[in-house]
Amino acid sequence: MTRKIIHVDMDCFYAAVEVRDAPELTGKPVAVGGSPSRRGVLCTANYEARRYGVRSAMPTATALRHCPQLIVLPVQMAKYREISSDIHQIFAQYTNLIEPLSLDEAFLDVSDCLEHQGSASRIAEAIRQEIYKTHKITASAGVSINKFLAKVASDWQKPDGLTVVPPDNVAAFVQDLPISKLFGVGPVTATRMHRFGIRSCGDLLNYSAEDLQKHFGSFGPRLFQLARGEDHRPVNPSRQRKSMSVERTFSQDRLDLPQLLESLPALIDELKRRFEKQESLQIQGVVVKIKFADFQQTTASHSGRYYWDQALLENEYTDLIQQAWQRQRGPVRLLGIGLMVQQADDEFEQPDLFV
Ligand code: TTP
Ligand code: MG
C-alpha cells in the first residue's frame, strides 16, 4: 500500500522564536548562539542573516565578520523545548506515528488518518496553519510516499513552504535531484560521484546495483533505491539513539551541589575528547547520571540537537545536574555526563528488519 508521509521542519527555529518575542528585530539579521568571547558557535540564523553567508555551526566571531550588524542572541533551550512539545501535540491530533528528529523536525505517517478526507497535503497544510496560529512562527512541510522524499520536499520551498510529491511525480522529481540531497551523501561521496559524472539521481539510473556496490560499498544498494525514489524505512516513534558518556566515582562523596558541580568542567573536557575522536557525529541530546551515596541512581536528560559549544553544554549539564540532584539532595558518589549521538549518515544504518 502506498504510504502517506509528512516531514515538518520549522523555519530557522530558534531564531524565529527569538524574533517573534522581540518584534523590533523583524527584518534584521538575527542569529542564536554562543558569545564570540567564549568561542561560541551559532545554532542558527534567520534568513536575513543567511543572505550574508551566516550559517549554523559557524563560530560566532566568523559570522560577525560576514555580517557586522548581526544580532546574536543567547540560546534559550527551555523555551524552544516547550514550543517543540506543543507542536508535537499538534502532530498528535493526526497520528500516533510521529518520529521526532530534533526539537523542530519530525516525520509523521498519516496513512491511516481520516482527517481532511485522508488528504496528506491538506493535513500538512492544516498543521502548518495551526503552528502559525498558536505560535506565530512558520514551518515548512513535505508530503510524499516515504521519508526520503518527504524530507527533501520539506526543504524545497523553505521558508513557509509546502511541497507535495505525489506518487506519479516521483520519477520526475528524483530525475534532476542533485545527489547531495541524498541522506548519506556528504561532500566526500559527492566529489567521488562527480568524478564518475554522477550529479543527479537521473545519472545514477545508468548504474546497476552491482556497479554501485562495487564503487560505493555497502551504501551502493541504498543509492540504487534512492535514485528511484524508494525508501522503505518506517516512521519509527521510538527510535533509540546511541550514547557516549563519561563518569567519575569520587574518592570522597560530594556533599552538596556546588561541590558536585566543581567536577563538571573536567568531565566535559573528557567527553569532548571522546566526541572529537569520531567523525560526523550529530548530538541529539544530553544526559546526566547521579549515583547517591546510598547507591540510588537517577538520570535526567534533554533531547535536541546541539553543536559542540562548551558554554552552552556546560549550561545544559548544570541544569540537568541540578534537576537530578534535587530529587534526593544528599551526598553523591558518582557523576556521569553523556551525549545521545547519531552518525550523520546513520539514517540508513537503521536495521531494515522492520520493513
Ligand atoms: P534545523 O532545522 O537544521 O535549522 P533551522 O530550523 O534553524 O533552519 P531551517 O529553516 O533551515 O530549517 O535545526 C533546528 C534548530 O536546531 C536550529 O534552529 C538550531 C538547532 N540545531 C543545533 O543547535 N545543532 C544542530 O546540529 C542542528 C542541526 C540544529
Ligand atoms: Mg528547521
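Numbering of ligands and ligand atoms starts at 1, following listing order.
For the Mg ion (ligand 2), the count of nearby protein N/O/S atoms, taking only those under 2.8 Å, is 3.
Side chain of Asp231 to backbone of Phe148: a donor-acceptor contact under 3.5 angstrom is found. Arg20 contributes a side-chain N or O that, together with a main-chain N or O of His135, makes up a donor-acceptor pair within less than 3.5 Å. The backbone N or O of Ala139 lies less than 3.5 Å from a partner atom in the side chain of Arg128, making a donor-acceptor pair. For the pair Ser140 (side chain) and Gly161 (backbone), a donor-acceptor distance under 3.5 Å is present.
With ring centers used as reference points, His66 lies 6.0 Å or more from Tyr52.
Between Phe196 and His215, the ring planes lie tilted relative to each other; the angle falls in the 30° to 60° range.
Under the 3.5 Å distance criterion, with hydrogens and angles disregarded, a donor-acceptor pair is assigned to the side chains of Glu316 and Tyr306.
Phe224 carries Arg228 over the face of its six-membered ring, with the cationic atom under 6.0 Å from the centre and within 45° of the normal.
Protein residues having at least one heavy atom under 4.0 Å from any atom of ligand 1 are Asp9, Met10, Asp11, Cys12, Phe13, Tyr14, Cys43, Thr44, Tyr47, Arg50, Asp104, Lys158, Arg305, Tyr306, Tyr307, listed by chain and number.
The hydrophobic clustering, which links ILVMFWY residues whose side-chain heavy atoms are closer than 4.5 Å, places Tyr47 and Val32 apart.
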